[in-house]
Engineer: 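Let me begin by handing over the structure; questions about it come next.
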Amino acid sequence: MRRQGLWFSPPASSTGRRRTNIREMTSLAWRPWKRRARVETVEQRRARITSQACLLAVLLLGAIVVGLHVRDDGRLSPIDETQHIDYLVKAAHFQIPRLGELDGAVARQEAACRGIELAQLPLPSCADATTAPNQAFPELGIDTSGDDPPLYYVTTGVTAEAMKTVLHLGSVATAARLLGFAWLAAGIVLFWLAMGELGVATAVRTGVSALMVTTPVMVHTSVTVTSDTVLFVGGAAALYAVLRWERRAMPGWALLVIGALCGFAKVSCLLAVAAVSVYLLLRWLRTRRGEATSVRSGRELVTMALAIAVSGLVVAVAWQLVVRARTIPGVPTSGVSAIHYVDSLNLGRVVGQAAALLSPVQNPPLLAPLDDASTVGFIWFLNALLIAAALGGAAFFAAGSRRESLAGTAAILMAASGSLYVVFVFVVSHQSVAIPGRYGLALLPFAAVALAAALHKTSVRRAVETFAGLAVVYTLIHLVTFHPV
């Protein structure tokens with residue numbers, strides 16, 4: 001005789017019911033999105049959808065900016081784009097150029113046929129590109145980008161070659177420029193998630209992200225072939241990773257891998273590694289003084305600060321040793337290196353570059369169509385906002401908060417990185433060069449998140465959102481109405 005209800009409704013205390021609960025709990029533990037879907041309220045769902053829609057809108061803006069610029073302006077950037085194209089073309093076939101190696105036929109063809117904006121010398125005709133002497137090309141026809149690690153060039157080059165074939169594009173340089181949007185999108189998504197870790201409102205995240213997409217230095221790195229493209233991505237990845245690691249949502253090895261990848265992306269990407277170390281040390285100091293509470297112990301904070309610094313430096317130094325071993329003797333000093341070669345470095349030069357990266361958006365290459373006086377005004381205002389947010393946040397954010405430590409990190413490194421970079425370049429290559437603001441792009445996510453965290457007053461937030469809206473409209477109008485000569 002069957003027990004009543006045995007087949008359909010076993011008692012809650014039965015073994016079968018307990019097994020079902022354990023199975024459901026295990027499933028939810030490994031599938032957190034299922035768990036969220038079961039407990040998400042209507043308001044939370046609405047907020048999540050709104051956040052995703054705003055992020056997609058910012059990414060669409062980035063795609064429009066990159067697409068319009070690549071479509072209308074085929075000229076190469078004077079910021080070594082010829083050399084970067086040569087590296088990328090060779091890396092696409094897994095051939096890493098040596099420092100001092102001459103540009104290949106493809107890069108010379110691109111320079112001669114497209115032309116170079118603000119070119120300082122007349123370029124040969126497109127038909128004579130492969131036979132013209134080295135002196136007819138920038139940097140005497142020498143590929144001066146050979147000291148960059150191959151991470152950007154291999155990933156972008158291989159993908160660009162595939163895009164060129166599939167989409168029937170005319171040149172691999174065009175495909176690589178379009179891929180600048182992929183790097184931009186990756187950086188914006190990571191930056192968006194980092195702001196979410198700090199509880200920044202969706203409207204603020206949208207406005208600050210739009211400013212990042214439209215500021216000229218970000219536009220330049222996103223629409224040209226240059227390894228500077230990886231800097232914002234590296235900084236945003238490091239920022240997001242350290243915030244998650246601190247609250248035990250990410251394993252330590254993942255943060256160390258990001259530090260190593262920064263070292264293998266570009267030397268200036270080490271600023272993102274330095275920012276993580278400084279942030280963790282500031283958190284440790286606040287915790288030690290009893291002014292902050294952290295999920296991580298003081299020993300964990302200090303250990304990770306040192307470990308990630310070592311991971312980035314070891315990879316970067318190892319690559320520089322490889323570069324030195326592969327350098328063609330005597331050739332680099334016949335190019336631009338000879339102009340900046342110095343035997344010693346004086347203190348005045350070091351101190352004079354202290355403000356070079358204060359902040360990363362200042363003094364960008366002003367190329368068409370964003371090359372008028374209005375652009376300078378937008379840059380000045382955004383530069384002032386970032387500096388004020390970093391200094392003001394470090395002074396006035398709640399003592400011991402993560403926002404205060406991030407603002408302090410941005411303020412310290414923006415003030416010190418210019419001088420540190422001058423010393424580093426001298427030690428590595430005995431050169432003395434002016435440090436452009438774009439070298440600090442790895443710090444931009446840290447400065448921008450401090451700005452986002454500071455916009456808690458309604459009047460200030462609306463003013464910055466209005467400024468972001470004007471920047472978007474201004475950029476789009478200039479790109480849409482631009483007609484290259």
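Residues take their numbers from the sequence shown, with the count starting at 1. Given the structure is predicted, the values throughout are model-derived calculations rather than measurements.
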Engineer: Taking Ser277 as the fixed residue, which of Ile308, Leu413, Val310, Val242 is the one that meets the side-chain contact (heavy atoms from CB on, under 4.5 Å) rule?
Structural biologist: Ile308
Engineer: For a 4.5 angstrom cut-off between non-hydrogen side-chain atoms, does Arg48 reach Gln44?
Structural biologist: no
Engineer: Mind checking whether Val65 and Val219 have side chains closer than 4.5 Å, heavy atoms only?
Structural biologist: yes
Engineer: Does atom CZ (Arg247) have a neighbourhood of more than 12 heavy atoms from anything else shown, all under 6.0 Å?
Structural biologist: yes
Engineer: With side-chain hydrogen bond (donor to acceptor under 3.5 Å, both in side chains) as the test, would you mind laying out the steps for Asp148 and Ser227 before giving the verdict?
Structural biologist: CA-CA 8 Å; Asp148 282 344; Ser227 56; 3.0 Å; yes
Engineer: Please report the C-alpha distance between Tyr279 and Phe446 in whole Å, then the side-chain angles of each, then the deciding distance to 0.1 Å, and finally whether the ring pair (Phe, Tyr, Trp, His ring centres under 6.0 Å) criterion is met.
Structural biologist: CA-CA 10 Å; Tyr279 169 75; Phe446 289 84; 7.7 Å; no
Engineer: Roughly how far, to the nearest 0.5 Å, is CD of Glu81 from CG of Leu88?
Structural biologist: 10.0 Å
Engineer: So Arg296 and Trp245, side chain to side chain contact (heavy atoms under 4.5 Å, CB included) or not? Walk me through it.
Structural biologist: CA-CA 9 Å; Arg296 298 285 182 175; Trp245 175 84; 3.3 Å; yes
Engineer: Could you go step by step and tell me if Leu76 and Ile85 meet the side chain to side chain contact (heavy atoms under 4.5 Å, CB included) rule?
Structural biologist: CA-CA 10 Å; Leu76 299 186; Ile85 290 175; 3.7 Å; yes
Engineer: Show your working on side chain to side chain contact (heavy atoms under 4.5 Å, CB included) between Val464 and Val204 and close with a plain yes or no.
Structural biologist: CA-CA 9 Å; Val464 173; Val204 175; over 6 Å; no
Engineer: How about Thr156 and Trp183: do any of their side-chain heavy atoms sit closer than 4.5 Å?
Structural biologist: yes
Engineer: Show your reasoning for whether side-chain hydrogen bond (donor to acceptor under 3.5 Å, both in side chains) applies to Glu117 and Ser77.
Structural biologist: CA-CA 6 Å; Glu117 195 165 354; Ser77 166; over 6 Å; no
Engineer: Are Ile79 and Thr224 packed together at the side-chain level, in the sense that at least one heavy-atom pair is separated by less than 4.5 angstrom?
Structural biologist: no
Engineer: In terms of the angle between their ring planes, are Tyr87 and Tyr153 parallel, tilted or perpendicular, with boundaries placed at 30° and 60°?
Structural biologist: parallel
Engineer: Check whether any side-chain heavy atom of Pro216 lies under 4.5 Å from a side-chain heavy atom of Ile379, and answer yes or no.
Structural biologist: yes
Engineer: Restricting to non-hydrogen atoms, name the atom on Ala448 and the atom on Val208 that form the minimum distance, rounded to 0.1 Å.
Structural biologist: O-CG1, 3.9 Å
Engineer: Taking side chain as C-beta onward, heavy atoms only, is Asp147 less than 4.5 Å from Val267?
Structural biologist: no
Engineer: Give, for atom CE of Met414 and atom OG1 of Thr409, the distance between the pair rounded to the nearest 0.5 Å.
Structural biologist: 10.5 Å
Engineer: Is a donor from one side chain sitting under 3.5 angstrom from an acceptor on the other, for Ser51 and Trp192?
Structural biologist: yes
Engineer: Rounded to the nearest 0.5 Å, how far does CG of Asp86 lie from CG of Asp80?
Structural biologist: 12.0 Å
Engineer: Measuring from Leu281:CG to Leu301:CG, what's the distance to the nearest 0.5 Å?
Structural biologist: 8.5 Å
Engineer: Could you tell me whether the side chain of Val42 reaches within less than 4.5 Å of the side chain of Arg46, counting heavy atoms only?
Structural biologist: yes
Engineer: How long is the span from the CG atom in Leu61 to the OG1 atom in Thr214, to the nearest 0.5 Å?
Structural biologist: 6.5 Å
Engineer: Measure the CZ-OG1 distance between Arg177 and Thr229 for me, rounded to the nearest 0.5 Å.
Structural biologist: 11.0 Å
Engineer: Would you call Arg75 and Arg114 a side-chain contact if the rule is heavy atoms closer than 4.5 Å?
Structural biologist: no
Engineer: Show your working on side chain to side chain contact (heavy atoms under 4.5 Å, CB included) between Glu300 and Thr303 and close with a plain yes or no.
Structural biologist: CA-CA 5 Å; Glu300 287 178 304; Thr303 301; 5.8 Å; no
Engineer: Applying the side chain to side chain donor-acceptor pair (under 3.5 Å) criterion to Arg438, which one of Thr226, Thr221, Asp228 satisfies it?
Structural biologist: Asp228
